[in-house]
Structures are given as structure tokens and as C-alpha cells.
> 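Dropping the structure in here first, questions after.
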Protein chains: 2
Amino acid sequence: MKKTGQPTINDVARLAGVSKKTVSRVINQSPLLNGETRDKVQAVIADLGYIPNPQARALALRRNFLIALIHDNPNAQMVLRVQQGLLEVLRDTEFELLVHPVDRGAPDMRDEIRRFLERQRPYGVMLLPPISENDALAALCAQIGCRYVRMGSAAFDDPAHMVSSNDREAVRGAIDHLLAAGHRRICMIAGPHGFRSAFERQQGYEAAMEAAGLGVQRTWIAQGDYTFESGMRAAERLLDLSPRPTAIFSSNDEMAAGALHIARQRGLDVPENLSIVGFDDTSIASHLWPPLTTVRWPIATMARAAALKLIGDDDDEPDADAPPAEETMFVSTLIRRASVAKPQE
Amino acid sequence: MKKTGQPTINDVARLAGVSKKTVSRVINQSPLLNGETRDKVQAVIADLGYIPNPQARALALRRNFLIALIHDNPNAQMVLRVQQGLLEVLRDTEFELLVHPVDRGAPDMRDEIRRFLERQRPYGVMLLPPISENDALAALCAQIGCRYVRMGSAAFDDPAHMVSSNDREAVRGAIDHLLAAGHRRICMIAGPHGFRSAFERQQGYEAAMEAAGLGVQRTWIAQGDYTFESGMRAAERLLDLSPRPTAIFSSNDEMAAGALHIARQRGLDVPENLSIVGFDDTSIASHLWPPLTTVRWPIATMARAAALKLIGDDDDEPDADAPPAEETMFVSTLIRRASVAKPQE
DNA sequence: TTGTACGCGTTATCAT
DNA sequence: ATGATAACGCGTACAA
């Protein structure tokens, strides 16, 4: 207990009259040690307010007690909700959260991530879409010996490494809702190419339309890139169609807001003249006028589950009689608000 | 270079034919060492792709190369923009970002933060409002010997520890804009008690009204708590006034959105029957209909400046002839969109 | 069940 | 200007 004022494991050992190693055993919950000595040591620990030094542990274990969140700058709301979910679990543990954004598109992204992983040696990493869809990154984590969990719109890794929503089903539900209200000319604003979420959501739309016997018209699908502006442009194309669509499903809320904007500019009342459904249920959805009907996926819950997988102690393959694996697939729900109505006669 | 595969300082020393310490000196840019040996060592470093182990450094230095962001869950947009600004500077440095939310209100918040600081020993911490306004926390950082920078709506610490906007002035400008458009019955939705930002913004409003010879009516100010819902409630009170206000200035965009919502519900056209001005310029402001006139403060720029102060090497008081201190006060700008018009006759 | 001795990779001290 | 040696605080063989 010299310069820093913090008691060390040596102080505890001395005061408890045992060796360092015994203290270490108490801390790491080693099963083989006398109940009495353990209690004695723990009393000293509590008395001193001793806290193991994370830096020293990291050095000795060659592994830090940090969870890294690696993402590529997607939707701000999403990143934040993920952080909240993660931190909810991490709070009251010895883990802390490291945030490490990367630049997909940068040719050396993978090397950059490798350097990061090798330097910081985090205990586990959480991969957010869209880079979570990159199998090479997952392989990299595994190779380095770092735990990882990927978040995505479908299950594309095994349960231990995955938390996913089922966007395809969710979109089917949303389209069915529109169908049930009487809509037939239902157009879609799709997400950017190369995003699994965009793909899944479009598949859901197409499946629902096919199932309803309406088929899929190429011109009824306009592609955006998940931004407000791209939603405006897509809506313009769609609303130029004749006959005009009576409903638009957008792959995310941001683009749905853009579509709403364009509808307003054209003097179209929503939902009177046009119904709109979004996806994500970001805060913008409820703040818009009219409040947006949208699909909510339980992002914070998924993040919590991911954190549990990351810090859980089921290191290797679960036994046949082991407790059931934690949840992996999470269901989305359609939030019905005021942007959907029956189509006009 | 045993188990981890990573070359260590010993490998470098051996291959360069020098001692560990010399390598250490090269790494830490010690001024006193021979140019030749330095070049030789650096060649080996580059050749081996050697990277100093952060964990070992942290142990030896009793200080981690991490910047901690401590905040209390304010506006999501704000937290994220701060992270982006910070990370922009931290990228390509040896620093990483640790995110540590706390619960203001929790009685042991200060102890919790102290434990966090003593355990992780971050290189520096960034304090976000509203907890940045807590002088005891700043003192705690100083006492522990941890660099810190506070972000706030006014300068309440010295330049080395502060990045601030000038909310009072900014609001004056916003109110003046309304005044210039011809408004006289300008009401305000204030922020929650105990927030410096709420205080400063209200002061700005009152100063502008006084200066215009209109005085300050207590009933013209409704208090909210920065949430959408509180904005709705406040707007209801204000719009019940008779005569009705022709303009409302809201202490943040979120509440302004709530006010807009209520105006819509009451069949009031914005800006025809009511002008609204917000504060923050979060993404919701531009996505609303009509797009919201609001005050933008350069949050990412401020975060970048904060990061620079945190990792800069001006450790002690600047000399008289030292280069000028980095920026501390940042100016906000009024973003004029479509939610303001002349008052009706 | 417990202790001894050493390793983890770096910086600091104090010689030379 | 450079090097031997000791911290830094904790974990792990291996011995007892």
C-alpha cells in the first residue's frame, strides 16, 4: 500500500497471515480451500476495501476485463440502445465497455481490428450490423481467442455467437397488417445493397405479396440507403407511379420519415391518402405527425443477452444435459400508431 | 515472443543488441539518446511490427491509456455526437474510449465514480452535463490525479478543464429572431430545475424579453423536463393562455416536438398560427414537419477540443509565452427553417 | 489445503 | 548515452 494508497494483494495476505496465492484463490473462487481461511481472508478484504488491480490481472492473464463494442457508425439510436443494454449487464461486474468504431469501406479495416484486438485483448467483443455480417471478422476473433457475439437480422452464426431478430417474419406481419386494412398497391422502400437487414426485409415484403397473390412488381420497390434523404427520393419515384400506391412500407423509420416529408410536400394526407409503415421504432417514429406505425425489435434486450453470452462462463460446447442456451432469436412486434388507415375508395 | 505470438520489448532489445531500457527510451521519445542507436532500434521495431503492450504499461505507469466518458444518460443524440467527436481525435492514437454511464440521483454516485477511477485509472475523463456541473466530481478527479474536462452551457471551470457553449447568448439571438419577425407574445418552455443549461437558456430568454421592453411574465414560462411528453404538457398550458402566444421557444428540440404535436392536435397550423423555435438541432429538428428552426451548438467540435485537452501534454499551468490555450468557448448558431413566420394579424 | 518462486511486459532507479 | 536490476500487482507451476 505504497504510493497509490490502494491496498494490494500483498497487504491482504500479510494482514490475514496467509500467502498471496491463498488470497488469489479466494478472489477467483477456487473450490479447494478451507472455509475458515476463506472467511478470514474475506474479512480482511472487506475491511481493507481491497479491489484487485485490473491492470495487473490483465497482464498476468493476457486478457483484459473489457467488453469491446465494434461498430461501423450505423443508426445512432441503435448504437446507443445497444450500449445501454450492454451496460445494464456490465454494471456491477468487473467489466467495462470499450467503444471502438471502425470504417467499413476502409481497405485495412480488418487489419485495424486485428491490431485493436491484439493490443487491447478484450475479454469479448460485440459486433454490430452491418459489419457483424462479415464472417471474416468473426473468424478473426475466434482465431485470436477472443469471445464474440454478432447481432443481426437473421441467425448466421451458432447460438453462442449470435443474437438475432427475425426481420423477414416481422416484415411479413407488417405487410399483412396493410393487407388486412384493404391495401393492394403496397410499395416498398428497400435498404441498401449488401445489408443483410435490407435483404431480409425485402424478402419479407416479397413473400407477403406473393402469398397474397399480388406478385412482386419491380417498379414498386425503390431502393434507398437508410437515410432520410434517400427516403425522400425513393418516395418521389413511388408517388409518381400511376396509379399511385395507397401504402408504402419503408425498410427503416428514417426513410419512412423522408417519405412522409414528401407526402406532405405533395399535399397528400397521411394516412388519409397514403399509409406508411416504418421499421425500427426509433424515437423519431413516435414523434412524427402522424405517429408512425412501425416494427419494433428488442434491441436493448438483445444487447443484454449478448452481454450475458460474452461474460458467461460456458466456455466450451454445452453438454447435452447443460441448462438450455441463452436466447438467440428475438421476436419483433408491430407498433400500431396513426400512419395507417384503410385505403380511399 | 512465446505464447501470444506478439514480439515484446525483450525481442526488440535482443535483436537490436541493446538493453530493454534503451528500447523503452526510444518508444517514449526520450531526448537523451544517440541518433544511431535510435534509428537502429526503430528499424527493428518496424521490422518486427512490435507494439508496446498496453496492459504492461498500465501496470508500470499506474495509469491506463484510456479516456473515460462519464455521463448520466442525457439525450441520446448528444452522447453519440460526443463519442464521435472524441473518437475522431482518439483514432490513430494509442488511446481508447471507455464509456461509463452513472446514475445521478443514486446516493452513492460519487463513491461509484471514485471506485471506477481508482480501478481503471483512466488517463483522462470527460464529464457530460448535467453531472459535469457537479464541482465535487471535478475535485474528485483532480484529487485522484486524473485529467478531466467538463462540458457545459457556460464556463464554470478554468479553460484547461472546460469546453462550453454560451447558451444564454444563443437564446437571446433566437428570441431576437422571433422579435424581429414581429412576435410579442413569446412564451417559453423551460428545462428542468437544477440543470445549468435550463438556467442559462431561461436567462437568455428573460434578458431578451427585458431588453425588448416586454418584461417577463411568470405565466408565460412553463417548465418541462426535456422530454417529449413534458413538452406536450407545457404546450397545453401555454396554448390555454388568452390571448394565445404567437410563438414558443423551447429549451430543447424534444420538447419543441411535443409542442408541435399539441399544436397539431388543436388544429393550429405551424408556423401560420404559431411559431416554434427549439434548441440543440438534434436530427429530429430537421425531420419534423415543418422543419424546426433551432439553435445548433457544435457538440462534436467541442468534444474534439475536449479530447485534445485530455491527451495534450500541457500538464501544468501554461507559461506566459506558451502557445494560446485551446479553444474553450464555442459559438452556437441559429438554424432557420420553416417553423417560424410572422405572427397573424 | 497452502506456500514458494517465477513469469507477464513495461517503466524507474541508479549506476557507469 | 546506456545498462543491470528492481519494481508494478497478480496468476500459475510445482512443491510441500
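Residue numbers start from 1 in every chain, and the chains themselves are labelled A, B, ... in the order their sequence lines are given, proteins ahead of strands.
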> For nucleotides 3-6 of chain C, which of its nitrogen or oxygen atoms have a protein nitrogen or oxygen under 3.5 Å away, and what is each distance?
residue	atom	partner	partner atom	Å
C:dG3	OP2	A:S19	N	3.0
C:dG3	OP2	A:S19	OG	3.3
C:dG3	OP2	A:T22	OG1	2.6
C:dG3	O6	A:R25	NH2	3.2

> Once you round it to whole Å, what is the distance between C1' of C:dT2 and CZ of A:R38?
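Distance check: A:R38 CZ to C:dT2 C1' gives 15 Å.
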> Rounded to the Å, how far apart are B:I51 CD1 and C:dT10 P?
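Value for this atom pair: 11 Å.
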> Quick test of your reading of the model: are A:D135 and A:R150 salt-bridged, counting only N-O distances below 4.0 Å?
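Salt bridge: yes.
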> Which pair of heavy atoms, one from B:M109 and one from B:L137, lies closest together, and at what distance?
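Smallest interatomic distance, heavy atoms only, reads CE-CD1, 3.9 Å.
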> Any idea how A:Y123 and A:F65 line up, ring-wise: parallel (<30°), tilted (30 to 60°), or perpendicular (>60°)?
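Correct class here is tilted.
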> Mind calculating the distance between CD (B:Q55) and P (D:dG11) to the nearest angstrom?
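Rounded to the whole Å, the gap is 14 Å.
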> Return the 5'-most residue of the pair B:L59, B:N34 with respect to DNA chain D, ranking by each residue's nearest nucleotide.
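Per heavy-atom nearest nucleotide, the more 5' residue is B:N34.
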> Going by atom type alone, with no hydrogens or angles, which donor-acceptor pairs under 3.5 Å involve a side-chain atom of residues 37-45 of chain A and a protein atom two or more places apart or on another chain?
residue	atom	partner	partner atom	Å
A:T37	OG1	A:N34	O	2.9

> Ignoring backbone atoms, test whether A:N28 places a side-chain nitrogen or oxygen under 4.0 Å from the OP1 or OP2 oxygen of D:dG11.
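A:N28 to D:dG11 OP1/OP2: side-chain N or O found under 4.0 Å.
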> Side chain of B:T8 only, heavy atoms from C-beta on: which candidate in C:dG9, C:dT11, D:dC10 is closest?
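Among C:dG9, C:dT11, D:dC10, the one nearest the side chain of B:T8 is C:dG9.
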> Can you see whether B:N28 engages B:R57 through a side-chain donor-acceptor pair at a distance of less than 3.5 angstrom?
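Per modelled atom types, B:N28 and B:R57 side chains form a pair under 3.5 Å.
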> Rounding to a whole Å, what distance do you find between A:R63:CZ and C:dG9:C1'?
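For the pair A:R63 CZ and C:dG9 C1', the rounded distance is 18 Å.
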> Whole-Å distance between C:dG9 C1' and B:L48 CG?
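Nearest whole value for this atom pair: 15 Å.
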> With a 4.0 Å cutoff (strictly under), does any side-chain N or O of B:R57 reach OP1 or OP2 of C:dG9?
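Answer is no, no contact under 4.0 Å.
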> Where is the tightest heavy-atom contact between A:A160 and A:K309, given as atom of each residue plus distance?
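Here A:A160 and A:K309 meet closest at O-CD, 3.8 Å.
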> For B:R62 and C:dT11, what is the distance between atoms CZ and C1' respectively, to the nearest whole Å?
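In whole Å, C:dT11 C1' lies 9 Å from B:R62 CZ.
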> Between D:dC10 atom P and A:I27 atom CD1, what is the distance in whole Å?
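Answer to the nearest Å: 7 Å.
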> Hey, are B:E112 and B:H100 close enough side-chain-wise for a donor-acceptor pair under 3.5 Å?
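A donor-acceptor contact under 3.5 Å links the two side chains.
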> Any base atoms under 4.0 Å from A:L61, or only sugar-phosphate, or nothing? Heavy atoms, all strands.
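Sugar-phosphate contact only.
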> Can you tell me if B:S24 touches the phosphate of C:dT11, counting only side-chain N or O atoms and a distance under 4.0 Å to OP1 or OP2?
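Checking B:S24 against C:dT11: at least one side-chain N or O falls below 4.0 Å of OP1 or OP2.
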> Take the protein atom CD of A:Q6 and the nucleotide atom P of D:dC8, then report the distance between them rounded to whole Å.
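It works out to 14 Å between those atoms.
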